[in-house]
Amino acid sequence: MKSIRTRFAPSPTGFLHLGSARTALFNWAFARHHGGTFVLRIEDTDHDRSTRESEAAVLEGMRWLGLDWDEGPIRQSERSGRHRAAVVSLLESGRAYRCICSKDSLEARKNEDLASGGNGLYDGRCRDLALGPDCGNHTVRIRLPREGALGFDDLVFGPSGQDASQIGDAIIQRSDGTPLYNLAVVVDDIEMGITHVIRGADHHPNTPLQVAIYRALGVDPPFFAHVPLIVGESGKKLSKRRDNVSIQEFQQEGQLHEALVNWIVRLGWSHGDDEVFSLDDIARLFDLDHVGRSAARAEPAKLQWLGQHYIKELESDVLFRRVEPFLASVAGQAIQDSPGLRRLLDALRERSHTLMEMAEQARWLIRDEIEYEEKAVQKHLRPVAIPLLTALRTRLETVDPWDEAQLERAFESVAEQEGGVKMGKLAQPTRVAVTGRAVSPGIYETLAAIGRDRCLTRLGTGIGLAEARAAAQNS
RNA sequence: GUCCCCAUCGUCUAGUUGGUUAGGACACCAGCCUUUCAAGCUGGCGACACGGGUUCGAGUCCCGUUGGGGAUACCA
């Protein structure tokens with residue numbers, strides 16, 4: 001059997017988006033699983049919308065996800081000679097013809113047809129005119145059979161296709177001589193030896209046309225596998241305007257690429273009851289027979305869960321290296337690695353879904369100045385806490401060494417000395433005083449990480465806030 | 001309008017020769033744990049869109065209805 005070749009063929013008209021990323025992943029996985037070749041091709045035949053920046057963004061997104069390609073990137077625009085040659089041969093064999101209908105006329109005739117109950121297909125006006133190269137400004141259309149099945153066996157959807165009578169003679173070359181998508185894909189897929197075309201289900205309906213082009217070119221079509229669309233909150237196909245679909249955006253939010261890959265691979269594909277898949281797992285297990293047929297809604301809840309799952313698993317050095325840029329952005333400066341920071345990051349693993357969340361939660365350690373959350377202050381830095389915090393501050397001055405065990409003993413002695421108050425009564429105000437918020441890792445870990453000097457200062461600030469409350473209440 | 005596709009818990013899904021108390025995960029709720037929040041553990045809620053067939057038996061097969069989506073470009 002011929003070795004498998006798949007391709008990912010994005011159009012560089014924006015960032016790599018979720019749907020494209022999944023298509024890329026499936027193509028990559030299928031090729032890897034079968035020991036085949038994965039080709040990257042940039043479909044930039046739409047000059048007005050294609051940009052080099054966008055192409056770079058797509059490539060960067062692929063690399064970030066860990067999807068390596070074996071050949072390419074090949075730019076479709078650099079293959080226009082091949083597309084032209086294909087059109088010439090179709091013209092010569094009579095499988096294509098020149099068309100001089102203007103855009104305006106086409107539009108008018110289509111609307112008229114629709115209004116009178118027709119289906120709006122091209123009416124074939126130029127089909128039998130046998131226009132030569134000197135006919136002036138013209139496009140080239142494929143000459144489709146008027147009837148008969150244009151069928152194909154889809155690896156996901158099963159027997160598919162339409163009757164030729166339902167498809168109009170499509171334009172394959174613009175009047176400026178450049179090729180159109182449907183022609184270019186077919187020519188390129190043929191010449192690149194693509195054996196399996198795996199793409200979004202939005203292409204399912206125009207596959208019969210492509211099958212016809214394959215036939216006109218005298219080539220057997222490859223296998224097609226259309227994967228169900230990913231839809232947004234609205235239930236409609238993901239759109240850049242409506243949904244958060246940019247892979248780069250997920251990256252900037254501090255999402256882990258492992259989580260993102262795991263999230264999208266389960267949108268439309270399954271492997272029994274399994275939920276967690278690394279790229280290696282995917283390469284090992286992925287196949288087309290368990291790709292579903294119905295559209296999947298992209299809900300971020302599971303992505304969040306996966307993010308936390310992978311954060312919990314990251315090796316300490318890797319975690320530090322990956323969270324470092326986010327820490328730096330929170331701190332406003334480069335971050336020094338330290339055992340204390342490492343301990344905090346470990347404690348933050350089970351409280352973070354993304355690297356950005358983790359960095360945010362480390363704010364009280366990596367910045368000297370902390371911000372006090374209004375709600376936390378309201379709830380915990382009340383007048384009753386003043387004696388507790390004051391006593392604690394005094395006690396903390398002499399804690400030695402400054403470690404979790406000694407801190408715990410200090411807390412216990414202060415709690416007892418203050419009339420046996422519950423630990424929560426002491427710990428919560430302390431937490432708010434030293435971190436500015438009501439949520440943090442264990443209080444001893446927290447204090448140990450912050451260090452004595454900053455703790456004493458912040459305790460003073462906290463006492464001050466409580467005293468201000470008391471004064472306000474009395475006046 | 002025309003063509004095509006889809007239909008299991010809120011969401012992602014298991015279900016692959018018709019026979020299951022319809023399973024898992026996320027989310028949600030409750031309890032436990034606890035100095036907060038998490039994490040963890042335990043339990044709970046929760047689905048075969050509807051109507052006809054075929055069959056001893058239908059989530060699984062067929063038809064219809066409804067609902068949703070996609071395609072109908074000198075975009076890809």
Side-chain angles (χ1 to χ4, degrees), chain A residues 9-13 43-46 48-50 76 99 101-103 106-107 110 113-121 138-141 154 157 160-163 165-168 170-176 178-182 184-185 199-209 226 228-229 231 235-237 263 266-276 289-290 292-306 308 312 347-352 361 376 379-380 408 411 415 422-432 435 437-444 446:
Chain A
S11 56
T13 55
E43 309 228 315
D44 56 351
T45 52
D46 182 347
D48 295 340
R49 296 198 301 155
S50 302
Q76 204 158 44
C99 173
C101 297
S102 73
K103 261 184 189 172
L106 247 18
E107 175 80 15
K110 177 182 170 181
D113 184 46
L114 248 22
S116 60
N119 54 17
L121 299 178
H138 66 274
T139 59
V140 176
R141 288 182 185 271
D154 194 279
F157 286 94
S160 303
Q162 291 173 49
D163 193 87
S165 63
Q166 297 301 329
I167 304 173
I171 295 175
I172 55 176
Q173 187 176 84
R174 295 186 180 91
S175 50
D176 67 1
T178 57
L180 246 19
Y181 169 72
N182 282 121
V185 212
R199 66 199 349 178
D202 48 343
H203 289 282
H204 193 244
N206 60 38
T207 304
L209 168 63
H226 290 93
L229 258 20
V231 300
K236 296 189 197 318
K237 187 164 79 154
W263 186 45
R266 287 284 292 104
L267 260 24
W269 176 78
S270 64
H271 184 263
D273 284 342
D274 298 346
E275 294 288 351
V276 177
D289 49 4
H290 281 84
R293 289 156 308 272
S294 49
R297 189 181 301 248
E299 297 230 331
K302 202 166 238 171
L303 172 62
Q304 296 298 311
W305 177 77
L306 284 165
Q308 182 172 68
K312 284 197 278 190
L348 254 20
R349 286 172 188 263
E350 55 205 33
R351 290 162 239 261
S352 312
Q361 293 183 90
K379 184 163 184 193
H380 299 290
E408 182 166 1
F411 267 69
K422 299 263 266 185
M423 199 50 80
K425 297 283 185 199
L426 176 59
Q428 272 309 91
T430 305
R431 187 189 315 279
V432 175
T435 69
R437 47 212 305 187
V439 172
S440 86
I443 192 66
Y444 312 126
T446 300

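Basis for what follows: all heavy atoms, side chains included, without hydrogens, waters or symmetry-related copies. We name chains A, B, ... by the order of the sequence lines, and we start the count at 1 in each one.
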Is a donor on one side and an acceptor on the other found under 3.5 Å between the side chain of [X] and the backbone of [Y]?
| X | Y | value |
| --- | --- | --- |
| A/Gln361 | A/Ser440 | no |
| A/Thr45 | A/Leu180 | no |
| A/Gln162 | A/Pro205 | yes |
| A/Trp263 | A/Gln304 | no |

Is [X] touching bases, backbone alone, or none of the nucleic acid, heavy atoms closer than 4.0 Å?
| X | value |
| --- | --- |
| A/Ser294 | sugar-phosphate |
| A/Lys110 | sugar-phosphate |
| A/Leu348 | nothing |
| A/Lys425 | nothing |
| A/Phe411 | nothing |
| A/Arg297 | sugar-phosphate |
| A/Leu267 | sugar-phosphate |
| A/Ala296 | sugar-phosphate |
| A/Ser440 | base |
| A/Pro441 | base |

Looking at [X], does any N or O in its side chain come under 4.0 Å of the phosphate oxygens OP1/OP2 on [N]?
| X | N | value |
| --- | --- | --- |
| A/Gln304 | B/rC26 | no |
| A/His271 | B/rU13 | no |
| A/Lys237 | B/rA71 | yes |
| A/Thr45 | B/rA76 | yes |
| A/Ser270 | B/rA14 | yes |
| A/Lys379 | B/rU36 | no |
| A/Lys422 | B/rU34 | no |

- Whole-Å distance between B/rA73 C1' and A/Leu106 CG?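 Rounding to the nearest Å, CG of A/Leu106 and C1' of B/rA73 are 10 Å apart.
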- Message: For the base of B/rA76 and the side-chain ring of A/His203, does the geometry meet a stacking cutoff of under 5.5 Å between centres and under 30° between planes?
- Response: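 A stacking contact exists, since A/His203 sits close and nearly parallel to the base ring of B/rA76.
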- Proximity to the side chain of A/Met423 - top-ranked nucleotide from B/rC3, B/rU35, B/rC6: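 Out of B/rC3, B/rU35, B/rC6, the nucleotide with an atom closest to A/Met423's side chain is B/rU35.
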- Query: A/Arg174 has a side chain; which of B/rC75, B/rC6, B/rU35 sits nearest to it?
  - Reply: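 The listed nucleotide nearest to A/Arg174's side chain is B/rC75.
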- Task: Considering only NZ, NE, NH1 and NH2 on the basic side and carboxylate oxygens on the acidic side, decide whether A/Glu275 and A/Arg266 come within less than 4.0 Å.
- Result: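 Answer for the salt bridge query: yes.
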Is any side-chain N or O of [X] under 3.5 Å from a base N or O of [N], one able to act as donor and the other as acceptor?
| X | N | value |
| --- | --- | --- |
| A/Asn119 | B/rG1 | no |
| A/Glu275 | B/rG24 | yes |
| A/Arg293 | B/rC6 | no |
| A/Arg431 | B/rU35 | yes |

- Mind checking the C1' distance from B/rA27 to B/rG44? Whole angstroms is fine.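 Their C1' atoms lie roughly 14 Å apart.
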- Query: Mind checking what makes ring pair (Phe, Tyr, Trp, His ring centres under 6.0 Å) contact with A/His226, not counting sequence neighbours?
  - Reply: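 Partners of A/His226 under the ring pair (Phe, Tyr, Trp, His ring centres under 6.0 Å) test: A/His204.
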